[in-house]
Amino acid sequence: MRIKYYILLSATSLLSLSCAGSREKKDATASDTDVKVETAESQAPSNEEAVADDERGYIVKVGDMAPDFSLQLTNGESFKLSDMRGKVVMLQFTASWCSVCRKEMPFIERDIRQKHKDNPDFCLLGIDRDEPLAKVLEFIEQTGITYPVALDPGGDVFALYAERKAGITRNVIIDADGRIVMLTRLYSESEFAEMCKTIDEMVK
């Protein structure tokens, strides 16, 4: 009887090791690389399954000073991040081919842009990664957003915040001192709600 018990225990242990090995192999092959179209089924991890920012492709982290940059907006005006010091800033990295971006942007417009557009202490900027002006203007019209969008030729500004080949959509929330307070990846209702709450508390 005791022999059967040890055999059963050994078999269970081997099965557990096998499952663990398969999970590690699957995790090792998963990547956050950019693809031509990001599907709407892609979701940001829930709070219960939080993933470290560097594992989501970020090269910055919460608490860092946000890397400074200058870009041209679609209306021809220039934008420099350091000029926004004293304001809460939200950067949304996007592109027309990203279906998750298209899903998220109307919520950004409704729940963030419209709520805070008249607040002088808040700035929301979309940053389109490596697309020509005509394409970006078409994208803006299709999504119905009214917040300003900047052009990021070559994705060089994106590469200040995340690995150059990492995917989008991403949002970076920056406090009045220029420090990063939140980083998001893809779109999930819970993370988006947390981001809205964070902004509300910072600008009230």
Side-chain angles (χ1 to χ4, degrees), residues 44 53-54 56-96 98 100-101 104-133 136-137 139-141 143-164 166-187 191-204:
D53 290 325
D54 58 350
R56 299 198 291 174
Y58 278 106
I59 59 175
V60 295
K61 62 183 183 297
V62 170
D64 287 351
M65 289 296 296
D68 196 17
F69 62 85
S70 296
L71 288 176
Q72 188 175 60
L73 304 179
T74 55
N75 64 3
E77 296 180 2
S78 61
F79 176 96
K80 187 173 183 178
L81 180 61
S82 56
D83 289 344
M84 298 296 108
R85 198 61 53 83
K87 301 176 183 286
V88 174
V89 178
M90 173 180 173
L91 306 177
Q92 185 231 351
F93 290 99
T94 186
S96 67
C98 170
V100 185
C101 301
E104 182 187 48
M105 289 167 73
F107 293 111
I108 293 176
E109 174 68 25
R110 184 192 70 185
D111 299 334
I112 299 176
R113 166 66 172 177
Q114 291 304 316
K115 187 173 185 178
H116 300 295
K117 65 180 181 180
D118 296 323
N119 190 329
D121 297 324
F122 178 70
C123 174
L124 167 59
L125 178 70
I127 300 177
D128 187 280
R129 190 172 75 178
D130 197 24
E131 294 189 299
L133 176 60
V136 177
L137 291 174
F139 182 34
I140 291 171
E141 182 177 0
T143 54
I145 63 169
T146 62
Y147 53 89
V149 178
L151 305 177
D152 183 17
D156 291 337
V157 169
F158 177 84
L160 296 175
Y161 289 82
E163 296 172 4
R164 187 174 290 276
I168 47 179
T169 186
R170 297 173 183 269
N171 299 302
V172 179
I173 309 302
I174 304 167
D175 69 14
D177 296 324
R179 292 192 178 276
I180 297 170
V181 299
M182 187 172 183
L183 299 164
T184 76
R185 172 74 177 102
L186 295 175
Y187 174 80
E191 188 174 48
F192 188 84
E194 180 185 355
M195 180 174 68
C196 291
K197 181 180 179 180
T198 297
I199 294 171
D200 290 346
E201 291 176 347
M202 293 171 68
V203 299
K204 66 182 178 182

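- In this view, Thr198 satisfies the side-chain hydrogen bond (donor to acceptor under 3.5 Å, both in side chains) rule with no residue, not counting sequence neighbours.
- In this pair, Tyr187 and Phe107 present their aromatic rings parallel. The plane angle is below 30°, not in the 30 to 60° band.
- Checked by atom type and distance alone, the side chain of Ser70 never pairs as donor or acceptor with a backbone atom of Leu81 at under 3.5 Å.
- When all heavy atoms of Cys123 and Met84 are compared, the pair lying nearest together is SG-SD, 3.8 Å.
- Here the closest non-hydrogen pair linking Ile127 and Asp152 is CG2-CB, 3.6 Å.
- The one candidate from Glu109, Lys117, Arg113 that meets the side-chain contact (heavy atoms from CB on, under 4.5 Å) condition with Leu124 is Arg113.
- Considering every non-hydrogen atom in both Tyr161 and Ala66, the closest pair reads OH-CB, 3.6 Å.
- Taken to the nearest 0.5 Å, the CD atom of Gln92 stands 9.0 Å off from the CG atom of Leu125.
- The side-chain tip of Arg170 points at the ring of Tyr58 from less than 6.0 angstrom away and within 45° of straight on.
- Between atom CD of residue Glu194 and atom CD1 of residue Ile199 there is a gap of 11.0 Å, rounded to the nearest 0.5 Å.
- If you take OH on Tyr147 and CD1 on Ile108, they are separated by 4.0 Å, rounding to the nearest 0.5 Å.
- Interatomic distance, Lys204 NZ to Asp121 CG, rounded to the nearest 0.5 Å: 14.5 Å.
- The backbone N or O of Ser82 sits less than 3.5 Å from a side-chain atom of Asp68, completing a donor-acceptor pair.
- Atom CD of Glu141 has 12 or fewer neighbouring heavy atoms from other residues, nucleotides or ligands inside a 6.0 Å radius.
- Contact annotation: the side chain of Phe122 approaches that of Met90 to within less than 4.5 Å [non-hydrogen atoms, C-beta and beyond].
- A 4.5 Å side-chain heavy-atom check between Phe192 and Asp111 finds at least one atom pair inside the cut-off.
- To the nearest 0.5 Å, atom OG1 of residue Thr74 and atom CG of residue Leu137 are 5.5 Å apart.
- Here the shortest heavy-atom pairing between Ile145 and Val149 reads CD1-CG2, 3.7 Å.
- Residues that satisfy the side-chain hydrogen bond (donor to acceptor under 3.5 Å, both in side chains) test with Asp156, not counting sequence neighbours, are Arg164.
- With hydrogens and angles ignored, the 3.5 Å screen pairs no side-chain donor or acceptor of Asn171 with any backbone N or O of Thr184.
- Met202 and Ile174 make their closest contact through CE-O, 4.1 Å (heavy atoms, listed as atom of the first residue, atom of the second, distance).
- Summarising the geometry of Asp128 relative to Ala95, their closest heavy-atom pair is OD2-CA, 3.5 Å, with the distance given to 0.1 Å.
- Counting only heavy atoms from C-beta outward, the side chains of Thr94 and Glu104 never approach each other to under 4.5 Å.
- Here the SG atom belonging to Cys196 is positioned 8.5 Å from the CD1 atom belonging to Ile173, to the nearest 0.5 angstrom.
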